[in-house]
Each structure stands twice: as structure tokens, then as C-alpha cells.
Amino acid sequence: MNRAAAILAGAALAGCSRNPSILLDTAGPHANEIQWLFWLFFWVCAAVWLCVIGLLGFATWRGLRRWRDTPAPATAPAEERRLVAWVSTGVGLTFAILTLFVGASYAVDRKLISLDSGPTMEIQITGHQWWWEIQYLGETPSAQFTTANELHVPSGSTVKLKLRSSDVIHSFWIPNVAGKRDIIPGRENEATIRVDRDGVWHGRCAEFCGYQHAFMGLTLIAETPDKFEKWKASQRLPAAAPQSDEEKRGQEIFETGPCGACHVIRGTSADGHSNYAPELTHLKSRSSIGAGAAPNVKGYLGAWILDPHGIKPGVHMPPNLQNADDFQALLAYLETLK
Amino acid sequence: MSPPDIEVVDDQHVPRDVDVPLERLRDHLDNTWRLPPGLFGWLCSIDHKSIGRRYIVTAFIHLLLAGALAMALRVQLAFPEQQILGPDQYNQFFTMHGTVMMFLFAVPMVEGVMIYLVPLMIGSRIIAFPRLNAFSYYVYLVGGLMVWASFFLNSAPDAGWFSYPPLAGPEYGAGKRSDVFAQMITFTEVAALAVAVEIIVTVLKLRAPGMSLDRMPIFVWSSLVTSFIIVFSMPSVVLGSTFLLLDRLVGTHFYNPAEGGDVLLWQHLFWYFAHPEVYIIFLPSIGLASHVVETFSRRPMFGYPAVVLALISNGLLSFGLWVHHMFATGLPRLGNSFFAASSMTIAIPSGLVLFCWLATIASGRLRFKLPMLWIVSFFILFVMGGLSGVMLASVPLDLQLTDTYVLPSHIHFVLIGGAVAPLVAATFFWFPKMTGRLLNVPLGLVQWMLFTIGGLSAFGSMFLLGLSGMTRRVYSYPHTMQWDTLNLIASVGAWLLGLSFVLFTINILWTLSRPTKAPENPWQASGLEWSLPSPPPIYNFVLAPFVSSRTPLWDSPGPLPVVGGLRFDRREVLVTTVVEAEPDMRDPVPEPTVWPFIAAMVTSVILIASMYAPQPVAWGAIPFAIVMVAWLYPRRMVSPPAASVGPQAHQA
């Protein structure tokens with residue numbers, strides 16, 4: 001039940017009052033277009049269902065009224081013609097409704113394609129079991145940086161997402177923003193999103209990808225261009241140097257211990273690019289750890305380091321048993337990664 | 001040495017069924033068609049009724065087991081943040097639920113019903129290739145046992161019922177789990193292809209004289225179309241699962257993008273089979289339901305040609321839809337639109353069948369017996385599934401709805417409403433024919449209420465959960481997602497549905513313990529099978545019936561006209577022409593034999609061993625070849641000398 005509390009707290013931190021529905025609280029034009037298409041389909045289909053059940057009731061009532069204990073005689077030609085007319089009307093209406101549906105779907109599809117044009121920025125998202133690697137591509141290497149599980153975009157801009165997988169098939173989905181796009185190893189898929197409303201939106205992997213498919217969450221933060229640029233500038237910086245002795249010792253433990261084998265912190269000797277684990281340069285700027293599995297507070301961070309499987313069973317990070325001093329030092333250092 | 005299996009040309013003086021009186025003929029036939037006694041005889045049986053019954057019973061057990069898994073899944077999801085099942089167990093549970101329901105319950109169940117009913121409905125004594133039929137059953141049986149054994153050894157498939165590589169591939173699929181999945185497909189497909197070929201030949205060549213194609217019962221038509229779907233769709237998944245096994249076992253790279261393979265290849269191969277698979281399950285079910293509608297409306301099916309054409313066009317169209325399972329993979333947009341349109345098109349023939357049923361009911365003399373209630377469930381649940389299917393066929397909508405709980409909702413509405421409800425109706429309807437006993441009505445009523453209410457609430461709330469953004473295949477969900485209430489309703493609905501099947505099982509077992517007293521034709525139905533005693537004798541028809549209409553028992557009061565001329569001192573069957581069903585020739589029927597059973601065991605050992613090493617495929621050929629020689633070894637026809645039977649015939 002710790003876990004429940006953790007997630008509750010995590011969501012509270014992330015400001016989750018959003019409804020995760022595809023219909024309520026849409027945040028962008030893609031989701032809006034699909035929303036009205038859904039309601040068109042929904043009301044027509046509901047009417048069709050009621051009609052069919054009504055017809056079944058009518059047919060049953062009529063059939064029961066005509067009950068005799070002998071087989072029915074051959075249908076009279078006039079009645080036969082009436083039945084043919086009824087059935088043909090049914091088939092004709094079915095055809096008309098489906099034509100409407102195909103037409104509306106096609107129109108919305110064209111609209112969605114037109115929304116994809118003229119992206120102002122590109123972000124590369126790599127799906128991993130079970131977290132998201134997010135790389136902001138820039139003109140120069142110094143303008144690029146990597147983060148994880150938390151996607152920031154400027155609101156109102158069209159953003160092209162280049163989707164890659166490092167292992168199995170995943171699917172990128174933020175219900176309030178747009179439909180899904182599968183992330184397929186060996187293929188270069190793209191998705192384009194535009195978020196018009198500032199705020200925190202929650203997404204998750206939609207294609208079954210193994211043990212922790214259920215907790216492969218992604219947070220999308222849409223903010224004003226100013227705030228976004230500020231965030232970007234701060235993310236580009238290498239990690240701040242540790243101040244206290246304990247923090248310095250923590251950095252040393254990070255670099256020489258098992259952590260640095262997979263995780264990257266820019267500005268330390270554990271630099272470069274890692275395919276195995278989330279980049280931690282600005283770990284504390286994020287709201288959750290373990291791709292939304294727990295809130296990013298010291299207690300959960302510590303628990304995660306000692307035994308990630310207690311929070312997210314099956315995750316690829318191994319348990320790390322260390323002596324208490326080293327552990328506290330490491331934690332103190334990680335807490336500085338703002 | 002003359003070839004022993006070929007019939008003697010001069011057979012003018014052989015004993016014929018028309019030469020003896022009916023009572024004596026029955027005794028002769030009982031004698032000729034008798035099985036060897038005991039367990040050995042049971043293993044030797046090649047009678048389509050006993051093999052069909054075994055298929056049905058086995059598939060029903062799979063239904064109960066996989067249903068129990070679903071109950072456990074719904075316990076886990078009833079409340080947020082539960083830890084009753086861990087992710088590993090949950091993944092095995094839901095994969096087993098889907099895999100067993102699709103491959104070991106639904107497809108074999110409709111096959112079993114086809115094996116049992118088709119020969120009876122067309123007035124034949126046998127199913128074509130009866131030994132192959134027995135072989136197919138044992139292969140299916142072992143495939144099912146293997147899967148459940150792996151489940152209890154904590155080695156069950158865990159990558160979903162469509163097991164996409166690379167998750168199911170060598171790098172990410174742990175242990176033998178996905179090998180079990182791939183090889184289970186092999187078992188199922190061997191059995192299904194055998195049954196499909198048998199049904200096609202049975203329907204085309206073994207119909208009673210006079211039963212031209214346009215007089216075939218609708219279920220026979222749907223069986224024929226289904227069998228062709230199996231023949232054309234199964235090879236695709238054969239290829240797919242073999243590639244998967246090869247990737248996992250010998251290091252080929254069919255699905256490995258790093259070496260030039262392609263993970264989407266699996267999706268194309270799998271869905272090219274698995275979409276038609278839905279119609280493999282659905283078409284026989286609407287065939288069965290058509291007979292229920294026709295019988296209780298007491299008039300021939302309205303629009304018979306339209307219904308038949310709808311079945312055929314469903315069969316054809318089902319091959320043009322598979323890409324709608326892949327809209328989110330990023331295929332070309334224009335191509336997606338084409339598949340969206342073709343997917344919606346299939347609603348037209350399906351709708352046509354429903355409209356013809358409504359017309360039949362409205363213009364008939366309706367008697368509302370228990371099986372009709374399940375037709376009502378069909379309408380309530382299946383139409384919902386069909387309409388949510390139309391939503392999923394729209395490309396933009398699908399991008400939001402796919403892989404959410406809308407999808408489990410859709411597939412369960414379609415399959416529970418469109419296939420399971422008709423199958424339950426068919427059980428109530430044909431149970432007296434199969435066993436000589438009528439199922440209990442009050443229990444059936446309670447079962448029906450639980451089934452319909454449970455189904456509606458379970459799958460209805462799953463639909464709403466999907467709209468609320470709940471993705472499928474999650475072993476747990478945080479309380480903050482606001483999915484608690486709907487999940488609890490879905491769980492309670494699922495448990496009610498489960499309870500209805502517990503009652504169904506109790507009803508069946510209790511009824512089986514009662515004395516047999518069902519009349520030949522308790523529902524005053526029109527088909528040939530209702531002219532037989534309940535249950536029918538092993539040779540089905542004493543004399544081949546002569547058919548002159550679509551509803552023979554309604555159109556010829558009194559006993560059916562018959563055609564004679566078959567020998568009664570050995571197993572023979574009348575073969576007729578494809579279109580008009582004119583008598584063509586007498587054909588000897590193989591003797592019961594244990595070799596199909598042994599061949600199936602050898603095949604199973606080879607298939608299971610080849611999950612662990614490639615060599616068994618090679619050395620396994622040797623025992624298999626020996627068994628096949630024994631199976632096909634030409635035997636001299638044992639026919640008593642004409643003199644010993646002849647005089648009796650003359651005395652008569």
C-alpha cells in the first residue's frame with residue numbers, strides 16, 4: 001500500500017487533476033478532431049443499436065401473435081415483397097451510414113495530415129523497457145541534450161517526434177493530445193503533436209511491452225515558450241558541482257560504483273550517452289522516478305536505489321546494497337541534481 | 001497379386017440394403033459398423049459423432065479453464081493497486097486466457113460442431129477421411145495438454161495472444177514460453193487444416209441424393225465457407241509461427257531488424273490469418289443460430305440465397321481487412337484508408353443476415369423456446385460488438401481507441417455475443433439429438449439472465465474504461481486514474497458471466513445423469529438430422545434419405561423417401577455429384593483403426609521435441625514414416641462370401 005501512497009503523492013506532485021479520457025479535457029487539435037468524429041460515430045451507432053433491438057422486439061411480437069402449431073404456409077407474394085422491401089431498406093441504410101462513416105473518417109484523416117505540416121522543432125523519443133529517453137535535437141551538439149520520462153514542449157507549437165525503439169515494440173500515446181503511434185524496432189516512425197493548453201498531461205505506452213508495460217508512464221508538460229526556453233537552457237547545462245564533502249563523496253560513489261556503468265550525469269566522468277538507463281543530469285527537475293512509478297522525493301529515491309523491484313517488479317535496474325554511509329552520500333549527491 | 005483395395009468389378013450379386021427388411025437391415029448395419037470393444041475400441045473410433053463429441057467436450061473444458069483465468073484477471077483488476085497477481089503471473093494469465101480461448105476453445109469448438117453435425121445434416125454416414133479426423137483430434141488434444149502443462153510449470157506463453165516479436169523473439173522472450181505459443185499454433189493448425197479438408201470434401205461429395213447446393217442447410221453452407229477460410233488463412237500463420245520458432249531455435253533473423261529482418265512481417269502474417277479467424281468462429285455460429293431462428297419461427301429462412309451469398313462474401317471480405325489491426329504502426333495513410341473502407345464493408349453482409357433473421361421471425365409462427373433467448377442475447381451483445389468494430393475501423397478513431405480497453409470490449413462483445421451465445425443456443429437445441437436428453441429449462445433461464453446482464457455490464461464498462469484512457473494488458477493501475485468504479489463493475493459483470501457457465505456445466509452434468517427420453521424431433525425442426533433416433537446410431541442413416549426441398553421434414557409428411565443399393569455386409573457410403581447431388585458411386589469406408597491415434601502421438605512427440613532442438617524434425621521422420629506405412633498399409637477387404645449372406649437376403 002506504500003505504492004498506492006507513492007503514486008498518489010506522485011500524481012499530486014505532477015498536478016494530476018487531468019482526466020485521462022480521450023474525450024474530456026482535450027489539449028490539442030489532433031485530439032479535438034478525433035473527439036468530434038467519435039461523437040458522430042457514437043450517436044449514430046447508438047441509434048442503430050436501439051433500432052435493431054426495437055426491430056427485434058417488433059418482429060418477436062409479430063411472430064408470437066401469428067403462432068400456430070403447424071409450419072407456416074408459403075409466404076404470400078405480397079408479404080414476400082414487403083419483407084424484401086424491409087430487408088433492402090435495412091441494407092440500404094447500412095450502406096448509407098457506412099458511406100457517411102468512411103467519408104467522415106477520410107476527411108478527419110486529411111485534416112490530421114494537414115495538422116502535421118510545418119513543425120517548428122524536433123524531439124527524438126526512444127522507447128525502452130520501461131522508460132522513455134527524450135533527446136532534444138539542436139543545430140549544434142552543444143544545443144542538444146537528453147532527458148527521460150518528462151517531455152516539455154512549448155504550447156501552441158507543432159512538434160515533430162521521431163520515435164525509435166531500443167528493444168521491443170512500444171506505442172507512444174498521450175490520450176488528451178493525439179492518437180497513438182507505434183514505436184517499432186528497425187523502423188523510423190514519426191508523430192506530430194500540438195498542445196494548445198498549458199499544463200501537465202499524462203501518457204503511457206500503449207503496446208504491450210513486457211513486465212512493466214503497466215507502469216511505463218510519460219509526462220508531457222506544455223508551457224509558454226518563455227518558460228520552455230528557460231527550461232531548455234537549464235537542461236543544457238552540465239550537472240552542478242557538488243558542494244559539501246558528503247555530496248562529493250556521493251559523486252565519487254556514483255562514478256566508481258555500479259551507477260555510472262549505465263547512468264549518465266553530464267559534467268562528471270560518467271558522461272557521454274547511455275542506451276541502458278535514464279540520464280540523471282537534472283534528475284531532480286523531474287516529478288517522478290521509474291517512468292511514473294513513484295514520486296521523485298528522497299525517500300522513494302532511496303528505496304528505488306536499494307531495491308527498484310520493490311517499486312517496479314521486473315525492472316532492468318539491479319538492487320544495490322551498499323553500506324549506510326555510502327548510500328546516504330549517494331542520495332545526498334543525487335538530491336543536488338536540480 | 002491384384003491390388004486388394006480396388007473393388008471387384010462384378011458386384012452385381014453382392015448383398016444390398018434393399019434386399020432385406022428394415023428391421024433385419026438395422027441388425028446387419030449394427031453388426032457391420034460395430035467398434036472393437038473396450039478402451040482399445042474407443043481409441044480406434046473414427047466415427048464422426050464420437051470424434052466430434054470429443055472435440056466439443058475438450059473445447060468446453062478449455063473454455064472453463066480459460067474462463068477461470070479470466071475470473072482471476074478480474075479479481076486482480078477489481079480494485080486499484082492490487083498485488084494478488086504479480087506482473088509475471090498476470091502476463092501469463094492474460095496470454096493463456098486469449099490464446100486458449102482463440103486457439104483451443106473457439107476454433108476447435110466450431111470444428112467439433114461441424115464434425116458432429118455436418119454429416120447428419122447432409123444425410124451422410126461418415127465424414128470424409130474419417131481416420132484423418134481421428135488423427136486431428138488427438139493432435140489437438142495433445143496441443144492443449146502441452147499448453148496447460150506449461151502453464152502449471154510456470155512456463156506459459158506471456159507475450160499476448162498475438163505474441164509480437166521482438167517481445168516474443170529470442171532476445172526478449174524468456175525461457176520456452178513463446179516456443180510453447182508458437183508450437184501450440186502448429187498443433188492447432190494441423191488439426192484445423194485436416195478438419196477443413198474433411199468438411200469441404202464431405203459437403204461437396206457426401207450429400208444425400210437430391211440435396212443440390214441450393215438445398216443445403218445454412219449451417220452446412222457456413223461450414224463450407226469456414227473450411228475454405230481455414231484452408232486459405234492457416235498457411236499464413238503456419239509460416240509466421242515457423243519463422244518465430246526458427247528465430248528462437250536456430251538463430252534465423254526473420255524478425256530481427258538488426259540483421260535485415262522485419263518485426264512487422266509477423267504482424268502481417270499473423271493478422272492475415274487472425275482476422276479471418278474471427279470469421280472462422282463467427283460464420284459457423286451464425287449458421288447454427290439460423291437454424292434456431294428458422295425452427296422456432298416455423299418457416300423456411302427468409303432470403304436463403306441472400307444469407308448464403310452474405311456468408312460467402314463475409315468469407316471473401318475477411319481476407320481484405322487485416323491491416324486494420326496495424327493502423328498505428330505507421331503504414332502509408334492512403335493504404336490505411338482503403339482497409340478502413342473494406343473493414344466497414346463487411347458490416348453489410350453481416351447486417352443482411354441479421355435483417356433476414358428479423359424478417360423470418362416477423363413473418364413466421366414464432367414459438368419462444370429457450371434457445372431463442374440466446375438469439376436475443378446475440379442481438380443485444382453482438383450488435384454492440386459490431387458497431388464498436390465499425391468505430392475501430394475508422395483510421396483516426398482507431399488511433400485513439402486501439403490498444404485501450406475498447407478493444408477487449410469489442411472482441412468480447414463480438415465473440416461472446418456473436419459466437420458463444422449461438423453456441424449455447426445450439427447446445428440447448430442439439431443436446432437432445434446428441435445425448436437423448438433435454439437440458440433443464442429453469443436453470444437455462446437463470447443462466448441466460450446471468451450471461452446477458454454479466455456480458456453487458458462487463459464489456460460495456462470495459463468500453464467506457466477504454467474511452468477513459470485505460471490501456472489493455474496492464475496488471476494494475478493507480479487509484480488516481482479514476483478507473484476504480486468501472487473496473488469493479490467490469491469485474492462483477494465478468495463474475496456473473498462466469499457463474500452462468502458454472503450453471504451451464506451443472507445443467508449439462510445433471511441432465512446427463514437423467515434417463516434418455518428425448519423424442520426424435522423435440523423442436524419440430526426441418527433438418528435431416530431430426531429424422532434420426534436421439535442419439536443417432538453409429539451408421540446414422542439406415543438408408544440414404546432422398547431430399548427434394550430445403551426443409552425436408554416439413555415438406556414431406558410421413559417417413560422420408562430413401563435411396564437404397566448400398567451393401568450392408570461392409571461399410572459403404574453413397575457418393576454424390578458436387579452440384580446436383582446425384583448418386584455417383586458406392587465407396588468403401590475405412591475400418592476403425594488405432595493408427596491415427598499412434599500417428600498423432602508420434603507427431604506430437606516430434607513437435608514438442610522440436611521446441612528444444614532442431615534435430616527431432618529430422619529423426620522424427622523415421623518413426624512417422626513407419627506409422628504412416630502401417631496406417632496406409634493396403635488390406636484385403638474383409639467381405640464374407642456372398643453365399644453366407646445371400647440366402648438370408650432371399651429368405652426375407
Side-chain angles (χ1 to χ4, degrees), chain A residues 3-4 7-8 11 16 20-23 34 37-38 41 45 48-49 52-53 55-56 59-60 62-64 66-68 71-72 75 79 83 86-87 90-91 94-95 98 101-102 105-106 108-109 112 168-169 171 175 179-182 184-186 189 204 206-208 210-211 213-214 313-314, chain B residues 81 86-88 160 164 166-167 172 257 262-264 297-299 302-303 328-330 333 337 340-341 344 347-348 351-352 355-356 358-359 361-368 379-380 383-384 387 390-391 394-397 399-400 402-403 467-469 471 473-476 478-481 554:
Chain A
R3 184 98 178 281
I7 284 161
L8 216 111
C16 175
S21 155
I22 62 163
L23 300 172
I34 299 177
L37 186 67
F38 175 82
F41 270 69
C45 287
V48 169
W49 187 82
V52 172
I53 300 302
L55 281 172
L56 175 66
T60 309
R62 193 165 182 269
L64 284 172
R66 297 156 52 96
W67 183 79
R68 306 278 183 290
T75 329
E79 172 156 21
L83 291 174
W86 273 96
V87 170
V91 173
T94 312
F95 186 78
L98 292 174
F101 281 173
V102 171
S105 299
Y106 187 73
V108 169
D109 207 32
L112 291 179
V168 301
I169 302 175
S171 191
K180 298 168 195 73
R181 177 66 64 185
D182 288 354
I184 299 170
N189 262 347
R204 63 207 71 100
E207 182 68 64
F208 179 64
Y211 283 169
H213 166 62
Chain B
E81 291 298 319
D88 184 41
Y164 283 173
L167 190 63
Y172 300 97
D262 189 346
V263 298
L264 279 190
S297 301
R298 298 186 66 65
R299 59 151 293 169
F302 171 81
T329 57
R333 303 286 271 259
S337 295
M344 291 195 194
I348 295 173
L352 176 59
F355 291 132
C356 287
L358 288 174
I361 295 171
S363 63
R365 299 180 158 187
L366 186 62
R367 283 183 312 159
F368 213 83
F379 273 93
I380 293 175
V383 175
M384 242 179 215
L387 291 168
V390 169
M391 292 183 185
S394 156
V395 180
L397 259 186
L399 294 180
Q400 278 284 28
T402 190
D403 284 327
L467 298 183
S468 311
T471 43
R473 298 174 168 184
V474 293
Y475 73 99
S476 189
H479 165 71
T480 45
M481 301 304 284
W554 285 348

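Predicted model only: the values in this text are computed from it and were never measured. Letters go in sequence order (proteins before strands), and every chain restarts at 1. Side chains are part of it too, since the values below use all heavy atoms of this structure and drop only hydrogens, waters and symmetry mates.
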**Student:** Is chain B contacted by the side chain of I169(A), its backbone, both, or neither, given a heavy-atom distance below 4.5 Å?
**Tutor:** both
**Student:** Check whether any side-chain N or O of R66(A) sits under 3.5 Å from a backbone N or O of S363(B) as a donor-acceptor pair, and report yes or no.
**Tutor:**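 Yes, because the side chain of R66(A) sits within donor-acceptor range (under 3.5 Å) of the backbone of S363(B).
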**Student:** Looking at chain A, which one of L352(B), T402(B), V395(B) has the largest number of heavy-atom pairs inside 4.5 Å, strictly under?
**Tutor:** T402(B)
**Student:** So which residue, P175(A), S21(A), G186(A), ends up with the most heavy-atom pairs under 4.5 Å with chain B?
**Tutor:**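 Ranked by contacts with chain B, first place is S21(A).
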**Student:** With only heavy atoms counted, which part of V390(B) is less than 4.5 Å from chain A, the side chain, the backbone, both or neither?
**Tutor:**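 It is both, since atoms from each part get that close.
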**Student:** One pair to check against side chain to side chain contact (heavy atoms under 4.5 Å, CB included): I361(B) and L366(B). What are the steps and the verdict?
**Tutor:** CA-CA 6 Å; I361(B) 295 171; L366(B) 186 62; 3.8 Å; yes
**Student:** Is it the backbone or the side chain of S337(B) that comes under 4.5 Å from a heavy atom of chain A, or both, or neither?
**Tutor:** side chain
**Student:** Tell me, with the steps shown, if F38(A) and Q400(B) meet side chain to side chain contact (heavy atoms under 4.5 Å, CB included).
**Tutor:** CA-CA 10 Å; F38(A) 175 82; Q400(B) 278 284 28; over 6 Å; no
**Student:** Among G86(B), S297(B), P396(B), P166(B), who wins on heavy-atom pairs under 4.5 Å with chain A?
**Tutor:**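 Among the listed options, the one with the most contacts to chain A is P396(B).
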**Student:** Count the heavy-atom pairs under 4.5 Å between each of T94(A), V108(A), L64(A) and chain B, then report the option with the highest count.
**Tutor:** L64(A)
**Student:** Relative to chain B, which segment of R181(A) carries a heavy atom at a distance below 4.5 Å: side chain, backbone, both, or neither?
**Tutor:**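 Both parts, heavy atoms under 4.5 Å.
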**Student:** Counting only heavy atoms not in F368(B), do more than 12 sit closer than 6.0 Å to its CZ atom?
**Tutor:** yes
**Student:** Picking from D109(A), I184(A), N189(A), which has the most non-hydrogen pairs under 4.5 angstrom with chain B?
**Tutor:** D109(A)
**Student:** Just by modelled atom types, is the G469(B) backbone N or O under 3.5 Å from a matching donor or acceptor in the R204(A) side chain?
**Tutor:** yes
**Student:** Any idea which of E207(A), R62(A), K180(A), E79(A) has the most non-hydrogen atom pairs under 4.5 angstrom with chain B?
**Tutor:**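 When all of E207(A), R62(A), K180(A), E79(A) are compared, K180(A) has the most.
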**Student:** Where does Y164(B) contact chain A at under 4.5 Å (heavy atoms): side chain, backbone, both or neither?
**Tutor:** side chain
**Student:** Check Y211(A) against P87(B) and note the closest heavy-atom contact, atom names and distance.
**Tutor:** O-CB, 3.3 Å
**Student:** Looking only at heavy atoms, which two atoms of V263(B) and P185(A) are closest? And how far apart?
**Tutor:**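 Closest approach of V263(B) to P185(A): CG2-O, 3.9 Å.
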**Student:** Picking from G210(A), G63(A), G90(A), S171(A), which has the most non-hydrogen pairs under 4.5 angstrom with chain B?
**Tutor:** G63(A)
**Student:** Which residue out of A328(B), A359(B), G160(B) racks up the most heavy-atom pairs below 4.5 Å with chain A?
**Tutor:** A328(B)
**Student:** Please check if the number of heavy atoms outside W49(A) that lie under 6.0 Å from its CH2 is greater than 12.
**Tutor:**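 Atom CH2 in W49(A) is crowded, with more than 12 foreign heavy atoms closer than 6.0 Å.
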**Student:** Report yes if some heavy atom in the side chain of W86(A) is under 4.5 Å from a heavy atom in the side chain of L358(B); otherwise report no.
**Tutor:** no
**Student:** Looking only at heavy atoms and a cut-off of under 4.5 Å, which of V474(B), V383(B), T329(B) has the most pairs with chain A?
**Tutor:**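 Ranked by contacts with chain A, first place is T329(B).
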**Student:** Is it the side chain or the backbone of F302(B) that comes within 4.5 Å of chain A heavy atoms, both, or neither?
**Tutor:**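 Side chain of F302(B) only, per the 4.5 Å heavy-atom cut-off to chain A.
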**Student:** Looking only at non-hydrogen atoms, find the nearest pair between F41(A) and S105(A) and report the distance.
**Tutor:**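 For F41(A) versus S105(A), the nearest heavy atoms are CZ-OG, 3.6 Å.
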